[in-house]
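Take a look at the structure below.
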Amino acid sequence: MQGIFNKLQGDRTIWFIVMMLSIFSLLAVYSSTGTLAFKQQGGDTEYYLFRHLFLLGGGLLLMYIAHRINFNYYSRIAQLMLYISVPLLLITLAFGTDIHDARRWLTVPIIDISFQTSDLAKLALIMYIARVLSRRQHIIEDFDQGFLPVIIPVLVVCVLIMPADLSSALLLFFTCMIVMFIGRVQLKHMGLAVWMGITVFMLVIAISSVTSYEGRLGTWKNRIANFMDDSEGDSYQVVQSKIAIANGGLVRLAPGKSVQRNFLPHPYSDFIYAIIIEEYGLFGGLMVMILYLWLLQRAIRIFVKSPGAFGALLAVGLAISLVIQAMMNMAVTVNLLPVTGLTLPLVSMGGTSLLFTSVSIGIILSVSRYIEQQEGDLPLAVASV
Amino acid sequence: MSIKRDILWRINLVYLLLALVGFTILLQVFRIQVFEGEHWREMGHNSTRIDTIEGRRGNIYSEDGRLMATSLPFYEVRMDVNTTGLTDSIFNNNVDSLSKNLANYFQDRTPEEYLQSLTEARASGERYLLIQRRVNYNGLKELKTWPIFNRGKYGGGLIYHQQNRRVNPFSLLARRTVGYARDNSQSVGLEGSFDEYLRGTQVPRSMHRVSGGTWVPIHDDFELEAKNGKDIYTTLDVNLQDVVENVLHRNVRKHLANHGSAIVMEVKTGKIKAIANLGMGTDSTYWEKYNYAIGEKTDPGSTFKAVSLTALLDDGLVTDTTIVDIEGGQKDYHEEVMKDDLWYPYNEITVAKAIEISSNVGISKLIVQHYGADPAKFIDKLNDMNLTQPTGIEIIGEPRPTIKTPDAEDWSGITLPWMSVGYELDITPLQLLTFFNAIANDGKMMRPYLVSEVRELNSVIERFDPQVVKQICKPETAITVKNILQGVIERGTAKKIASENFTIAGKTGTANIAKDRKRKKEYQASFAGFFPAENPIYSCIVVINKPSMGDYYGGSVAGPIFKEIAEKCYSTSTKTHQPLVNNGAKINGTLPISKRGYQSDMQMVYNNLGVSHAPNPDTDWVVASTKDRSIELHTLEMRDNLIPNVRGMGLRDAMYVLENRGMKVRFSGKGKVVGQSPGYGKRYRKGTVVDLELR
C-alpha cells in the first residue's frame with residue numbers, strides 16, 4: 001500500500017479521499033445490487049460487484065493518466081472538448097438511446113459503449129470557463145470582453161442538456177454561476193445571467209409543451225408538484241428513503257444488512273446515500289460528507305498554492321462542481337430537494353459518469369502535482385496572479 | 001486587494017455555504033432518525049414486505065401418463081383506472097362497452113353495476129381496482145380483446161397476477177395417496193413425500209402497500225424466474241384404480257363399514273397399481289379420508305396364518321401333509337380358550353387342511369409345539385421375513401409393525417399361540433400384502449413403490465426401479481404355500497369366490513379388533529391373495545373395518561370384493577390373457593385399414609397383433625396397403641417444398657412430419673387425421689399453417 005502511495009504524485013490526501021470513497025462505494029453498491037430486483041432479473045449479484053470494481057479500477061487508471069499530464073495542456077483540451085461536445089449533444093438529442101423516456105445516452109460506434117454526453121459536456125464546460133475566466137481576469141468586468149465569452153457557452157450547453165436532463169442542466173448552470181462568482185464576474189452581470197437562464201428555461205418549457213417532445217415534461221411536473229404539495233404526503237421513493245435513514249440510527253455497523261434496498265428504486269445510484277446511512281448510521285453519512293468537504297478544502301489549498309490562475313480556477317471549479325453534485329444528491333436523499341436523477345460522485349454505481357468524475361479528479365491532481373514540482377524547485381515561491 | 005485574495009474570500013464563502021448545506025443535510029438525517037424515527041420505522045414494517053413467488057407445481061401422472069394432479073393457472077385481474085395512458089375521452093367512450101363485456105362474461109354483476117364501479121373508481125383516483133379474483137387462462141385471453149383492456153397495461157390499466165390452483169382431474173381416485181400439499185399443516189400422500197420434486201423454486205418479491213390495504217409488487221416489470229416443479233409418474237393404473245375404488249365403494253356401503261381399503265400390487269415389481277381407502281364421514285358418505293392401507297396397523301387375524309405356515313415349512317418343521325389334531329376346535333392355553341371360528345367335524349387333519357378351514361387350534365398348536373420352547377426363534381423368523389420392518393413406501397407416516405419379543409414385559413404365555421393366528425401384533429394391510437406378494441413371487445420380497453419416474457420437461461431425471469428387499473424363504477417353500485393357499489379358494493373358507501376364468505390363491509381373515517375382545521365384538525374382515533395362482537401377476541389385499549350389517553367373515557365380506565377386483569383386473573389387463581393367436585395363424589376377417597405412419601411403430605403394432613406384413617427397408621415413413629392376407633408397406637412420398645400427405649396418421653406422427661419441415665400445425669378433434677388443409681402436394685413455405693382435422 002505504502003509502495004503504491006509513493007508512486008502517486010500530487011496531493012496524497014486527495015488520493016486517500018478517493019480511496020475512502022471507493023471503499024464506501026464498493027460496500028454500498030455490493031449491498032444494494034444484492035436486492036431482489038436484481039436477483040429477479042436473473043442477475044448474479046457478483047456480476048455487478050465485479051463490473052463496478054472494474055469501473056472503479058478503470059477510473060483510478062484514468063485518474064492516474066490524467067494527473068500525469070501537465071495541467072497547462074488542459075486549457076487547450078478544454079476548448080477542443082467543448083467544440084466536440086456541442087455537436088455530440090445535438091446528436092444525442094436527435095438519435096440518442098432512450099432510457100426511462102429520457103434521451104441522454106449516446107452509443108459510441110465500434111467500441112459499443114454508451115455514455116451520457118452531458119457528463120462529457122459538463123467536464124468540458126467547467127474546464128472551458130476556468131480557461132476563459134483565467135485568461136480574462138484583467139478585463140473580467142467588461143460586458144463584451146469579460147462576461148459574454150463566459151456566459152454564451154454556458155447557456156448553449158445547458159440548453160442542449162435541458163430537454164433530456166433538466167436537473168443536470170440546472171445543476172450545471174448553478175455550478176457555472178458559482179464558478180463565475182469565484183472568477184470575479186460582476187454581480188450585476190451574474191444577475192443578468194440568472195435572468196437569461198430563467199428566460200431560456202421558460203422558453204424550452206414552452207417549446208416542449210407545444211411540440212410532441214414532451215417525454216420529460218410530465219416527469220418534471222410530477223416531481224416538483226410532489227415536492228411542493230404536502231397534502232398528499234411524500235412520494236414513494238421519499239418515504240422509502242426516509243425509512244432507510246430511520247432504520248440506520250445514529251451509529252450502526254451492518255454491512256449488507258439493508259432492508260430498504262429491496263424497496264427503494266435505484267438503491268445503487270440515486271439513493272445510495274440512504275443505503276449508506278441505513279447500514280452505517282448517521283456516523284457513516286457524516287464520514288461521507290466530511291470526505292467531500294475535505295476534498296474541496298484540499299482543492300482550495302491547491303488554489304492558494306497555485307502559481308497560475310488557470311490551474312487554480314481549474315482545480316477549484318472541478319472540485320466545486322463535484323461537491324455541489326454530491327450535496328444535491330444527499331439533499332434529495334433526505335428530502336430537502338425534489339427527486340432528481342443525480343448520482344453521488346465516485347460512490348454511485350454508474351458506468352461512464354464515474355469515469356468522467358475520475359478524470360476531473362485526475363486533473364485536480366495534475367495541478368497539485370505541478371505545484372509540488374514547483375515547490376521542489378522553488379520552495380518559497382509566492383504566487384501572485 | 002490582489003486579484004488572488006479577492007478570489008480567495010469568494011472561495012471561502014462558497015466553501016462555508018457548502019459546509020452549511022452539508023450541516024443542514026446531516027441535521028435533516030438526525031431529525032428523520034430521532035424525531036420522526038419511530039414513525040418511519042413503523043411505516044417500514046407496515047408498508048413493505050417480501051413475498052415469495054413459486055414456480056408452477058409439477059404434475060402427478062398415472063403410469064399411462066394420465067393427469068392425476070396438476071396446477072392450473074388462474075389470474076387475479078385488477079385495473080389501474082387512472083393510468084396515464086387512459087385519457088378521459090378514451091375512458092368515457094369505451095367504459096360502457098367494457099362494462100357490458102364484463103357483465104356478459106362474468107355474469108356476476110349487471111353492466112350498470114360495472115359501469116358505476118369503474119366510473120366511481122376513476123373519480124376517486126383508484127389505481128388498483130379489483131375486477132375479478134379468479135379468471136382462467138381463456139378468460140384472460142378474451143378479456144384482453146375488450147375495449148380499454150386491449151390497450152394493455154399502461155394504456156388501458158389492465159393488471160393481472162398469475163396464481164396456481166391444484167386440480168385433481170380424477171377427483172376421488174386415489175385421492176389420499178395422491179395427497180394434498182398444504183401450507184399450514186402436514187402435507188399428505190405423494191404431494192407430501194415428493195414435495196421437494198413437485199414444488200417449483202421460490203423467488204422472493206418485494207411488495208408494498210398502497211391505499212386501501214392492497215399489496216402491489218414494487219418492481220412491476222420483473223421477469224419471473226421461478227422454475228416450475230418436476231413431474232412425477234406414479235405406478236398407479238387409472239383403470240384399475242377406478243375399478244378398485246368403485247368396487248370398494250359399493251361394498252363399504254353395502255356392509256356399512258367404518259372404513260375399507262384395498263391395494264393391488266404387481267407381483268414381479270412391487271408396483272402399486274391401485275390403492276383405495278374409503279372411510280365413513282360424519283354424513284355417512286364415504287370418501288378418501290385417510291390412507292388406512294398404509295397408515296393403519298391392526299391385528300390382521302387369520303390372514304397371518306399364512307405367515308406362520310411359511311415359517312413352519314421353511315424351517316422344515318412340517319410339510320403340507322403333516323397331521324395335526326385340532327381337538328374338536330377348542331384348546332386351552334393357560335387360562336385362555338382358543339376356539340376355531342366354525343366348527344368342523346374333524347380331529348386329525350393335515351396342515352394344508354388346517355389352513356383351508358382356517359383352524360386357530362391347528363396352527364397355534366403347531367407353532368407352540370415347534371417354537372414354544374424358544375419363542376425368540378419364531379420372532380427371528382418373522383424378522384427374517386422382514387415382517388418386523390416397515391415396507392419403506394414413499395408415503396409419509398407408514399408405521400413400523402408391532403411385533404412383541406419374548407423379553408418384552410407384555411409377553412405372556414398366550415402371546416405365541418395368539419400371535420400365530422394373527423393377534424397380539426399389529427401390522428398394516430400394505431405390510432401384509434408385501435408378504436403375500438413375496439410368496440407369489442417365489443419368496444422374493446419386492447419393495448412396494450408408487451413412483452416410477454421423476455421428469456422435468458418430459459425428460460426423465462430420476463427413475464425408480466423395482467427393488468428386491470430380500471429372499472424371505474426358499475422358493476420351494478413359497479410354492480408349497482401357494483398351493484395350500486390355492487386350496488383355500490378351492491375347498492376352504494373362500495370357496496365362494498372361485499373364478500371360472502382363472503385361479504386365485506389367498507387367505508381369509510376375520511379378526512375381532514375390539515379393544516376388549518371378551519365383551520365386545522368389532523370385526524375386521526380381510527382377504528389377501530394373488531392371481532392367477534399358477535403364474536401370479538397381481539397380488540391384492542382387501543380390508544373391511546367394522547362391517548355392521550351382520551356379516552363379518554373374511555370369506556364372505558372381503559373375499560367377494562377381492563374376486564370382483566381380480567375379475568376386472570384380469571379382464572382389463574391384456575397381459576394376463578392367454579394369447580388367442582399363438583402360432584401366427586392367418587386371421588380371418590378384415591385387416592386394419594391403410595394408414596400412414598412411422599414404420600417401426602407400425603411394425604410393432606402388427607407384430608403384437610400377429611398380422612403378417614412385409615417390412616420396407618428403404619424408409620422411415622410408410623404408407624400401408626392391405627393385400628389379401630398381409631400388409632405391404634410403401635415409402636411415403638415426401639418431396640421438398642410440397643406438403644406431404646398425413647391423412648391416416650395419428651396427431652403425433654403428423655405433427656412430427658409437418659413441423660420438422662417448418663410448417664405449423666393447428667388441429668381439431670382427436671383420433672386420426674381425416675382432413676388436411678392446404679391439401680397434400682401443395683407448395684409450402686416455412687411457417688405455413690396446416691389445419692388438420694382429426695376423427
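- Counting heavy-atom pairs closer than 4.5 Å to chain B, the top-ranked of the candidates M330(A), Q297(A), Q260(A) is Q297(A).
- In terms of modelled atom types and a separation under 3.5 Å, the side chain of K242(A) and the main chain of W40(B) share no donor-acceptor contact.
- Side chains of L250(A) and F30(B) form a contact here, defined as non-hydrogen atoms less than 4.5 Å apart.
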| query | I277(A) and Q33(B): side-chain contact (heavy atoms from CB on, under 4.5 Å), yes or no, with the steps? | reply | CA-CA 10 Å; I277(A) 294 178; Q33(B) 287 185 337; 3.4 Å; yes

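- There is no contact between L17(B) and chain A, counting heavy-atom distances below 4.5 Å.
- Looking only at side-chain heavy atoms (C-beta outward), V21(B) and L336(A) stay at 4.5 Å or farther from each other.
- L8(B) has its side chain within reach of I300(A): a pair of non-hydrogen atoms, C-beta onward, lies under 4.5 Å apart.
- Between the side chain of Y15(B) and the backbone N or O of L293(A), at least one donor-acceptor pair lies under 3.5 Å.
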| said: Please determine whether side-chain contact (heavy atoms from CB on, under 4.5 Å) holds for the pair I243(A) and R41(B), giving the CA-CA distance in whole Å, both sets of side-chain angles, and the decisive distance to 0.1 Å. | reply: CA-CA 6 Å; I243(A) 293 170; R41(B) 279 186 288 271; over 6 Å; no

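- The contact between V14(B) and chain A is made entirely by side chain atoms (from C-beta outward), counting heavy-atom distances below 4.5 Å.
- Counting only distance, with no hydrogens or angles, the side chain of R10(B) and the backbone of F181(A) share a donor-acceptor pair below 3.5 Å.
- The shortest distance between side-chain heavy atoms of M43(B) and V239(A) falls below 4.5 Å.
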